[in-house]
Each structure stands twice: as structure tokens, then as C-alpha cells.
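Order of the sequence lines fixes the chain letters, A, B, ..., with proteins taken first and strands second; residue numbering starts at 1 for each chain.
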2 protein chains.
Amino acid sequence: MSRQMVRPGGRSARVQASVHAAVRELASEVGRDALTVPLIARRAGVTPSTIYRRWGDLQELLSDVAVERLRPDTAPNDHGALSSDLTAWAEQFLDEMASPTGRAYIRDALLGDPDGSNAGQCSAYAAEQIGLVLTRATERGERTPEVETVIDRVVAPMMYRILFRPDGLDATYARRLAAEVLGQTGP
Amino acid sequence: MSRQMVRPGGRSARVQASVHAAVRELASEVGRDALTVPLIARRAGVTPSTIYRRWGDLQELLSDVAVERLRPDTAPNDHGALSSDLTAWAEQFLDEMASPTGRAYIRDALLGDPDGSNAGQCSAYAAEQIGLVLTRATERGERTPEVETVIDRVVAPMMYRILFRPDGLDATYARRLAAEVLGQTGP
DNA sequence: ACCTTAAAGCAAAATCATTGCGTCTAGCGA
DNA sequence: TCGCTAGACGCAATGATTTTGCTTTAAGGT
């Protein structure tokens, strides 16, 4: 059961929104590393114990906020061909995720996440976007790989390098991965 | 500059060893989540301020210990053929890393790691082991993929799923990835 | 409209993190 | 070998955060 599953309306929802907003505001004002629970609580007009009881600790709260910000806000662009769509999506994904901000969000999402549900949500977002791209391609009559294949061959390598080898990542790498996974689809 | 770069002998080294040992002991006694700096300090016979000054905070200390424990203790077994060697290595890697303990270490290594050097070290360990396997194969006259290819096609997918989709991982998956990266080497 | 109960507020107590200062010792050059 | 010196540690005071018991509020159901 996720942290978002609170009573949908009323005070709880207001508190949640207000705390999330406080995190975002303060993160941009004083920086991600200067955040503390009492600071966030003051800005949100809430007592610290409320945050501790609802989220457990700062990491879990930041994890929640991070997942929210990692949710794609728009469907992938349609360029009329699978190869363009997938390449463009991979480039944009890498660009967003490999930035210092993006990497901080990924780490936060992974961190305060004992059961892995927040991380799973991130993966689900990516799978959803890829599913859209592939479905459109299928409707055009193109042969497409499986979503899982694209995850293994495009998303996973990018994420691995973002997390474990933050150097030397650029759009060329994203393009190459996209091209390789498609090149293998039909001989 | 890594945390291991302390004065190699004498008191500093003793403190480092004693603190690392305290972390490992307490982690298995009271559980990873119950660790605190004062607790570790008491067990190590050291004052908390020593730990704070040397490591900064609990996360960085745990990150150090995690990297140490993620270092492979032995060279990959030699089965006489690349396909067996790589499959066996991937199976063992997944088995170790996908366990709750392994995942905790990976997360710790990623976490308290502002500059990414600890995570880079983990990746380097894997690259080293794979390099050994591939070199042996080359010496036998087998055609081999590049280390980077194996990282992208075998290590990255396993790591991605360990971190983002902890369910449904088994040795079959590791074998399939190993087989696929080799199947593509020479048509 | 009342009742029930999850969630929030409040405040005290406990624990943890930070910092200044004195002491010690490993490593180095004479 | 014998001091130097600078980095590392211990100690203790201070400040901040986290935890907890109890009370109060308000959402959602009857």
C-alpha cells in the first residue's frame, strides 16, 4: 500500500499536498541537502510529528516526492516511425535522467523505499511510455520488439550507467541502444 | 579521494578496521535498520565524533562497508568454455545481488556516495570479473564480445531489475541474458 | 445529526549530530 | 635515533532532530 493511499479528500489530502509542496519549494530554495523534517514541517504549516508518523523519515518522504516528479507529464511524441519515436524517447529519457537533478530524484526514489514499490512505479512509468510507442508502431504495421526487450536493452543500460558510471553519457549512446534493439527485430 | 585512503598503518587503520567490524557485527545482530552512529561507535570502542569526522554520516559509512562486501572474493570459475563461464558467472552474480542482503548492500553503496565513486567501484568489480572470463576465452581462441557489451546486455538488465523490479528474478533470466549476448557474437 | 476512528496537534523526553579545544601518535626529516 | 608537525582522536558542551504519550480535530458512515 502506497503512501498516496490516504483518505482521498479532506484534511489528510491537504496535509499531503502541503507537505509535498513544501518539499519542492524548499528543495529549490535551500537545496536538496539542506532539507530537514522540521524545516519542511514549518513551511507546510504542520508539526514534525505528523511527518514522522505518516512517512517514517525524511528519506521516505523524499522518495514519495521523487516518484511524483519522475512521472512523465506527456505522451511520447509521434514522429511517424518506430525508429524515430524510440530514438527520440530514449534521448529524452537519458537527458532528463542523467542530469544532476534527475539522478538525485532517482536516488531518492530508490532510497527511502524498503519494499521497492516506489522504484517499481518508476519502472512502470517507463514501461508505459514504451508500450505507447510500440503500440503505435504496431498499428502502423511495423514489426516491434516486446516491451520487456526494450527495457532490457535500452532502459536498463542507460539506468545502469546513470547510477554506476555517471561519466561519458550522451545522446549518441541512447541512439545506439535504440538502433540496436530495433536492428535485431527483423533480419 | 576514497575513504580507504587513510594513513595506511597505525591508529587510523585500527580505528577504520574496528568501525567496519562493528558495523558488520551489529548489522547481523540488530539488523541493518537499527544501526546508528553512537551504537556503532560504542561497539567499536570509539567516540561518535570520530565517525562523524571521518565518514560524515551513517550513510557514507554504510556505503564504504557495502562496497567492501561487494568486492568479489574469488576469480570466476573456469569451466573450459566461454558460454559456461559467463553463464555461471551471471547466475552467481544474480544470486548474490538479488538476495535481500545483496540488495541492501547495493542500495547502501549507491546511497551515501555523493560523487559516485563507490558505485563506480562496484561496476569496476563486475567489469574486472567479466574481463577475466573474456580474456580466458580469447586465449582459448574463442570469439568474444566486448566487456562493455556484456555490461550492457547482462549486468545492466540484472541490476535494473534488482533495483527497480525485485520480483520474478531467477537463474533462468541470468542464463538467457548470457546466452543472448553470446548468440550474437558470431553468426 | 451523531458516532467512530484515523489522523493531526502539542509538548516533554530521549537520542543524535555538530563543534571547539586539548591530547596523542604516526610519519618524516635531520 | 630523536625530536617536529600535522592529522586524527577523545572529551564535553551545545544545538538539532526524532520519538512518544496524550489530547483534539474532522472525515466518513449510519
B:R54 CZ to D:dG10 P, straight-line distance once rounded to whole Å: 10 Å

A:I40 CD1 - D:dA16 P separation (whole Å): 17 Å

Hey, what are the protein-to-nucleotides 19-22 of chain D N/O distances that come in under 3.5 Å?
unit_1: D:dG21; atom_1: O6; unit_2: A:R53; atom_2: NH2; d: 2.4

A:N118 side chain vs A:C122 backbone, donor-acceptor pair below 3.5 Å: no

Non-neighbouring partners of B:R140 that pass side chain to side chain donor-acceptor pair (under 3.5 Å), sequence neighbours left out: B:D78, B:D85, B:E142

d(CZ, A:R42; P, C:dC10) in whole Å: 14 Å

Separation of D:dA8 C1' from B:W55 CH2 (nearest whole Å): 11 Å

Any A:R14 side-chain nitrogen or oxygen under 4.0 Å from OP1 or OP2 of D:dA27: yes

Partners meeting side chain to side chain donor-acceptor pair (under 3.5 Å) with A:E128 (sequence neighbours left out): none

Donor-acceptor under 3.5 Å (A:D64 side chain, A:V67 main chain): no

Salt bridge (Lys or Arg N to Asp or Glu O under 4.0 Å) pairs, two or more places apart, involving residues 42-51 of chain B: B:E25-B:R43, B:E29-B:R43

Partner set under side-chain contact (heavy atoms from CB on, under 4.5 Å) for A:A88, not counting sequence neighbours: A:H79

Between D:dG7 (P) and B:Q16 (CD): distance, integer Å: 18 Å

Residues 162-172 of chain A side chain polar contacts: donor-acceptor under 3.5 Å, at least two apart:
unit_1: A:R165; atom_1: NE; unit_2: B:S123; atom_2: OG; d: 3.0
unit_1: A:R165; atom_1: NH1; unit_2: B:E148; atom_2: OE1; d: 2.9
unit_1: A:R165; atom_1: NH1; unit_2: B:E148; atom_2: OE2; d: 3.2
unit_1: A:D170; atom_1: OD1; unit_2: A:T172; atom_2: N; d: 3.4
unit_1: A:D170; atom_1: OD1; unit_2: A:Y173; atom_2: N; d: 3.3

Nearest-angstrom distance from the residue atom CZ of A:R11 to C1' of D:dA26: 6 Å

A:T50 side chain near C:dA8 phosphate (N/O to OP1/OP2, under 4.0 Å): no

Strand-adjacent residues in residues 28-38 of chain B, judged by heavy atoms under 4.0 Å from DNA chain C: B:T36, B:V37, B:P38

B:T47: partners by side chain to side chain donor-acceptor pair (under 3.5 Å), with sequence neighbours left out: B:S49, B:T50

Results of ring-ring contact (aromatic ring centres under 6.0 Å, His included) for B:Y105 - residues two or more places apart only: none

